[in-house]
Chemist: 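Just passing along the structure, written as structure tokens.
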Amino acid sequence: MKTLPSAIFIMGPTASGKTATAMHLLESGLPVELISVDSALVFKDMDIGTAKPTPAELARAPHHLIDIIDPTAVYSAAQFRLDALALMADITARGKVPVLVGGTMLYFNTLEQGMHDLPVANAELRAQLHQEADLIGWPAMHSKLAALDPITAARLEPNDTQRIERALEVCILSGKAMSAILAEPAREILPYDPLKIALVPSDRAVLHQRIALRFDQMLDGGLFDEVKMLREKYPLNLDLPSMRCVGYRQAWEYLEGEVDLKVCREKGLAATRQLAKRQLTWLRGMNNLHTLDCNATNLTQLAQNLCATHITI
RNA sequence: GGCUCGUUAGCUCAGUUGGUAGAGCAGCGGAUUGAAAAUCCGCGUGUCCUUGGUUCGAUUCCGAGACGAGCCA
């Protein structure tokens, strides 16, 4: 029986020390290459608010899938899966082990579980659906979905705008109900043997302190200037995924004069904590995790030991 | 020192014509298939500052005290 090539996943909430851990693995001499699993780090020129590794860090420890698209562009879990699998194949062919490190749990999930054959997003159709929703409201759009795909409509809340829109889009583009496509058994399996390491805080209050510290460093470090620069350089608006990133949305509102500095900071902190919470929810639902306490002082060493064992086997 | 206003959930405050109270934010839990750092759903017992009085019953009305803010000396 043929054994699958190794891969390493390093997952954890924001500010849990993922980047430091991944860099340590590389610098400790293990034969690895790093792939970022982060829906915000893909954007060029968004450095401060995303806590992107510094140019010096990236020079020492190159990460794939950082700075790959403009802030006006849209990325997706499906695109990530294609990109990551291509990179993983290259890395493995070079005799190395891919280390996937990041906090976008849907991307990890998609990479591992695969996706069904759903139609790609269509901006024109979405614009039409939006127009219609403005007229009749999302609960009415939910009713329309119920006529086309009652199973999907039943599991979606009438206010879950994104999922209702997507389900309608799938029905219209494919001519089939989304639920029918998802019911088909075919699922691609990840052709790798992943060692899944989760960095989880033993005490969430400590993580919240680190989040607060890091957010204040972003404000001091020029987050507002970065957002100003982005708005001058690109035709951006608040509906773009890039400007919905935590910190950017709040900085945008501050620059528009909609909120004062204190409210901007509070909302930014709250959004970051909510993000960490959702990331932890994902981790709780995942199987075969090796969980490490991200507050542990010897975190990087523990991770290195785990990986060394996995790679030699 | 005198006067005025305030004291209710972790925070900011509603409210109870007297029948022991509820919003926003925070916090916690959950969902999640091409936007996911997105989108959405669920969760509220707290000496209603303390103490006396009136009352069948006071967080609510009255008196006294404590603390805070403002104004006047």
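Order of the sequence lines fixes the chain letters, A, B, ..., with proteins taken first and strands second; residue numbering starts at 1 for each chain.
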Chemist: What's the gap between B:rG19 and B:rC11 when it is taken at their C1' atoms, as a whole Å value?
Modeler: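 These two C1' atoms come out 30 Å apart once rounded.
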Chemist: Does the structure show a Watson-Crick or G-U wobble partner for B:rG6, both distances under 3.5 Å? Name it, or say none.
Modeler: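 Partner of B:rG6: B:rC67.
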Chemist: Please check the phosphate of B:rA31 (OP1 and OP2 only) for any side-chain N or O of A:R278 closer than 4.0 Å.
Modeler: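 Answer no for this pair, as no side-chain N or O of A:R278 is under 4.0 Å from OP1 or OP2.
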Chemist: Taking the C1' atom in each of B:rC40 and B:rG46, what is the distance between them to the nearest angstrom?
Modeler: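 Taking atom C1' in both B:rC40 and B:rG46, they lie 30 Å apart.
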Chemist: Say we look at B:rC71 and B:rC13: how far apart would their C1' atoms be, to the nearest angstrom?
Modeler: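 Those two atoms are separated by 24 Å.
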Chemist: Looking at B:rG34, B:rA37, B:rC41, which one has an atom nearest to any side-chain atom of A:V246?
Modeler: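 The nucleotide sitting nearest to the side chain is B:rA37.
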Chemist: Do A:V120 and A:I181 land in one hydrophobic cluster if side-chain heavy atoms of ILVMFWY residues count as linked below 4.5 Å?
Modeler: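 No, A:V120 does not connect to A:I181 through the hydrophobic network.
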Chemist: Checking understanding here: a glycosidic angle within 90° of 0 is syn, the rest anti, so what is B:rG53?
Modeler: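 Anti conformation for B:rG53.
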Chemist: Look at the side chain of A:M115 and decide which nucleotide, out of B:rU32, B:rG34, B:rC28, has an atom nearest to it.
Modeler: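 From the listed options, B:rG34 comes nearest.
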Chemist: Quick one: which of B:rA35, B:rA37, B:rC40 gets closest to the side chain of A:D160?
Modeler: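 The answer is B:rC40.
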Chemist: Both distances under 3.5 Å, Watson-Crick or G-U wobble: report the partner of B:rA35, or none.
Modeler: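 The answer is none; no pair meets the criterion.
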Chemist: Using modelled atom types only, decide if a donor and an acceptor are shared between the side chain of A:E226 and the backbone of A:I48 within a distance under 3.5 Å.
Modeler: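 A pair under 3.5 Å: yes.
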Chemist: Write down the distance between CD1 (A:I181) and P (B:rU33), rounded to a whole number of angstrom.
Modeler: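 Whole-Å distance recorded here is 13 Å.
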Chemist: Using a cut-off of 6.0 Å, state whether more than 12 heavy atoms not belonging to A:D117 lie near its atom CG.
Modeler: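 Result for CG/A:D117: open.
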Chemist: Is there a side-chain polar atom (N or O) of A:Y107 under 4.0 Å from OP1 or OP2 of B:rA36?
Modeler: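 Affirmative; the distance criterion is met.
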Chemist: Could you give the CZ-to-C1' distance, from A:F215 to B:rA37, as a whole number of Å?
Modeler: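 Nearest whole value for this atom pair: 12 Å.
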Chemist: If you take atom types as modelled and just measure distance, does the side chain of A:K277 reach the base of B:rG27 with a donor-acceptor pair under 3.5 Å?
Modeler: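 A donor-acceptor contact between them is absent.
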Chemist: Look through every strand shown and name the nucleotide pairing with B:rG57 as Watson-Crick or G-U wobble, where both distances are under 3.5 Å.
Modeler: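 Base partner found: none.
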Chemist: Taking any heavy-atom pair under 4.0 Å as a contact, classify A:Q79: base, sugar-phosphate, or nothing.
Modeler: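 The residue A:Q79 makes no contact with any strand.
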Chemist: Step by step, work out the salt bridge (charged side-chain N to carboxylate O under 4.0 Å, His left out) result for A:E169 and A:R166.
Modeler: CA-CA 5 Å; A:E169 179 183 54; A:R166 174 61 180 158; 2.8 Å; yes
Chemist: Distance check needed: B:rA37 P versus A:R214 CZ, whole Å only.
Modeler: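 Roughly 13 Å, once rounded to whole Å.
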Chemist: So A:G247, base contact, sugar-phosphate only, or nothing? Heavy-atom distance under 4.0 Å.
Modeler: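 No contact.
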Chemist: Side chain of A:W282, heavy atoms from C-beta onward: which of B:rU33, B:rA36, B:rA31 has the nearest atom to it?
Modeler: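 Nearest to the side-chain atoms of A:W282, counting from C-beta on, is B:rA36.
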Chemist: Whether A:R166 contacts B:rA35 is assessed here as follows: a side-chain N or O lying under 4.0 Å from the phosphate OP1 or OP2. Is that the case?
Modeler: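 Answer no for this pair, as no side-chain N or O of A:R166 is under 4.0 Å from OP1 or OP2.
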Chemist: A:L230 CG to B:rA37 P: how many Å, rounded?
Modeler: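 In whole Å, B:rA37 P lies 18 Å from A:L230 CG.
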Chemist: If pairing requires Watson-Crick or G-U wobble contacts with both distances under 3.5 Å, which nucleotide is the partner of B:rA26?
Modeler: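 Base partner found: none.
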Chemist: Please test A:D149 against A:K176 for salt bridge (charged side-chain N to carboxylate O under 4.0 Å, His left out), starting from the C-alpha separation and ending with a verdict.
Modeler: CA-CA 8 Å; A:D149 181 355; A:K176 289 187 266 187; over 6 Å; no
Chemist: Between B:rU20 and B:rA58, how far apart are the C1' atoms? Round to whole Å, please.
Modeler: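 The same atom, C1', in both gives a distance of 9 Å.
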Chemist: Calculate the interatomic distance between A:R126 atom CZ and B:rA38 atom C1'; express it in whole Å.
Modeler: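 Interatomic distance, CZ of A:R126 to C1' of B:rA38: 11 Å.
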Chemist: Distance between the P atoms of B:rU51 and B:rA14, in whole angstroms?
Modeler: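 These two P atoms come out 24 Å apart once rounded.
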Chemist: Does the side chain of A:T14 get closer than 4.0 angstrom to OP1 or OP2 of B:rA37 through an N or O atom?
Modeler: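 Indeed not, no polar side-chain atom of A:T14 lies that close.
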Chemist: Examine B:rU33: is either OP1 or OP2 under 4.0 Å from a nitrogen or oxygen in the side chain of A:N109? Give yes or no.
Modeler: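 Looking at the OP1 and OP2 atoms of B:rU33, neither is under 4.0 Å from any side-chain N or O of A:N109.
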Chemist: Could you tell me whether the phosphate oxygens of B:rU33, OP1 or OP2, come under 4.0 Å of any side-chain nitrogen or oxygen in A:T110?
Modeler: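 Checking B:rU33 against A:T110, no side-chain N or O comes under 4.0 Å of OP1 or OP2.
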Chemist: Once you apply the 3.5 Å cut-off to both distances, tell me the Watson-Crick or G-U wobble partner of B:rG46, or none.
Modeler: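 No nucleotide pairs with B:rG46.
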Chemist: Do A:T272 and A:R214 have side-chain atoms, one donor and one acceptor, less than 3.5 Å apart?
Modeler: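 Looking only at side-chain atoms, A:R214 and A:T272 do not form any donor-acceptor pair under 3.5 Å.
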Chemist: So what does A:V74 touch, heavy atoms closer than 4.0 Å: a base, only the sugar-phosphate, or nothing?
Modeler: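 The answer is sugar-phosphate, as A:V74 gets under 4.0 Å only of primed atoms, P, OP1 or OP2.
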Chemist: Is A:T104 near enough to B:rA37 that one of its side-chain N or O atoms lies under 4.0 angstrom from OP1 or OP2?
Modeler: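 Yes.
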Chemist: Checking all strands, does A:Y248 fall into the base, sugar-phosphate, or nothing category for heavy-atom contacts under 4.0 angstrom?
Modeler: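 The residue A:Y248 makes no contact with any strand.
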Chemist: Ignoring the backbone of A:M178, work out which of B:rG34, B:rC40, B:rA37 is nearest its side chain.
Modeler: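 For A:M178, the side-chain atoms sit closest to B:rG34.
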Chemist: Measure from CG on A:L106 to P on B:rU33 and round the result to the nearest Å.
Modeler: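 In whole Å, B:rU33 P lies 8 Å from A:L106 CG.
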Chemist: The side chain of A:C245 lies closest to which of these nucleotides: B:rU32, B:rA37, B:rC41?
Modeler: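 The answer is B:rA37, which lies nearest to the side chain.
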Chemist: Answer yes or no: does a side-chain N or O of A:R265 lie under 4.0 Å from OP1 or OP2 of B:rC25?
Modeler: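 Checking A:R265 against B:rC25: no side-chain N or O falls below 4.0 Å of OP1 or OP2.
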Chemist: For B:rA35, does the base pair up with any side-chain atom of A:R163 as donor and acceptor (N or O, under 3.5 Å, distance only)?
Modeler: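 There is none.
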Chemist: Considering only the C1' atoms, how many Å lie between B:rG68 and B:rU12, rounded to the nearest integer?
Modeler: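 16 Å, rounded to whole Å.
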Chemist: Need one value for A:Q250: base, sugar-phosphate or nothing, where a base atom within 4.0 Å counts as base even if backbone is also close, heavy atoms only.
Modeler: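 Nothing, no heavy atom under 4.0 Å.
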Chemist: Between atom NE2 in A:H142 and atom P in B:rC41, what is the gap in whole Å?
Modeler: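 Result: 12 Å.
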Chemist: Any side-chain N or O of A:R204 less than 4.0 Å from the OP1 or OP2 oxygen of B:rG27?
Modeler: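 Looking at the OP1 and OP2 atoms of B:rG27, neither is under 4.0 Å from any side-chain N or O of A:R204.
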Chemist: Will you find, in the side chains of A:H116 and A:E184, an N or O donor that is under 3.5 Å from an N or O acceptor?
Modeler: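 Short answer, no.
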Chemist: Does a donor on one side chain and an acceptor on the other come within less than 3.5 Å for A:E165 and A:H130?
Modeler: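 Yes, a side-chain donor-acceptor pair sits under 3.5 Å.
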Chemist: Does B:rG30 have OP1 or OP2 under 4.0 Å away from a side-chain N or O of A:R284?
Modeler: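 Yes, A:R284 has a side-chain N/O under 4.0 Å of OP1/OP2 on B:rG30.
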Chemist: Strictly below 4.0 Å: does A:Q274 bring a side-chain N or O up to OP1 or OP2 of B:rG27?
Modeler: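 Answer is yes, contact under 4.0 Å.
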Chemist: From the set B:rA35, B:rA37, B:rC28, return the single nucleotide nearest to any side-chain atom of A:S76.
Modeler: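 Of all the options, the side chain of A:S76 is nearest to B:rA35.
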Chemist: Let me know which of A:K233, A:K52, A:R231 forms a salt bridge (charged side-chain N to carboxylate O under 4.0 Å, His left out) with A:D45.
Modeler: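 Single salt bridge (charged side-chain N to carboxylate O under 4.0 Å, His left out) partner of A:D45 among A:K233, A:K52, A:R231: A:K233.
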Chemist: Sort out the partner of B:rA73 for me: Watson-Crick or G-U wobble, both distances under 3.5 Å, none otherwise.
Modeler: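 Pair assignment: B:rA73 / none.
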Chemist: The side chain of A:A40 lies closest to which of these nucleotides: B:rU32, B:rA38, B:rA37?
Modeler: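 Nucleotide nearest to A:A40's side chain: B:rA37.
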Chemist: If I take atom CG in residue A:L207 and atom C1' in nucleotide B:rG27, what distance separates them, rounded to the nearest angstrom?
Modeler: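 Nearest whole value for this atom pair: 14 Å.
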